[in-house]
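Just below is one structure, and these are the notes that go with it.
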Amino acid sequence: MCNLVTLKTSIAEVAQTFFARIGGNTNASPGDVYPGYQGYVIREEKEERLLEAMTWGFPRHSVNRKTGKPNKPNPVNNARDDKLMSAHGM
C-alpha cells in the first residue's frame, strides 16, 4: 500500500462528502500530507463520523541491529504484506 495525499478542498467540503461532523482538533494545514505530520482523518465514535487532525502514518517499530535495543518509532505510510511479519518489518 502506498499513498500520496494533497488536500485541495476545504475542511467543510471533506466533512460534507463523508457525512462527518468537524471535531475539535482540526489544526492540520491543507496541502501535502507527510508521515509524522498532521493530516485529516475521518473516524467513527459512538456511531457518528468525525473529521479530525491526527498524526499521519503508521508507527514503525524496529530494533537496532548493533545493540539489540528498540529504536525510536518512526512514522511510515508504505506497507508491504510480505514484510509485515518480519523482524525488521512493521
**Message:** Within the 4.5 Å heavy-atom criterion, are Q38 and T55 side-chain neighbours or not?
**Reply:**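 The answer is yes, as the side chains (C-beta and beyond) meet within the 4.5 Å cut-off.
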
List the atom of [X], the atom of [Y], and the distance in Å for their closest heavy-atom pair.
| X | Y | answer |
| --- | --- | --- |
| I42 | A20 | CD1-CB, 4.0 Å |
| N64 | T67 | OD1-N, 3.1 Å |
| N71 | V63 | ND2-C, 3.6 Å |
| W56 | Y40 | CZ3-O, 3.9 Å |

**Asked** For E48, does the CD atom sit with more than 12 other heavy atoms under 6.0 Å from it, leaving out its own atoms?
**Response**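 Enclosed: over 12 neighbouring heavy atoms sit under 6.0 Å from CD of E48.
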
**Request:** To the nearest 0.5 angstrom, please state how far the CG atom of L50 sits from the CZ atom of R43.
**Result:**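 Going from CG on L50 over to CZ on R43, the span is 5.0 Å.
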
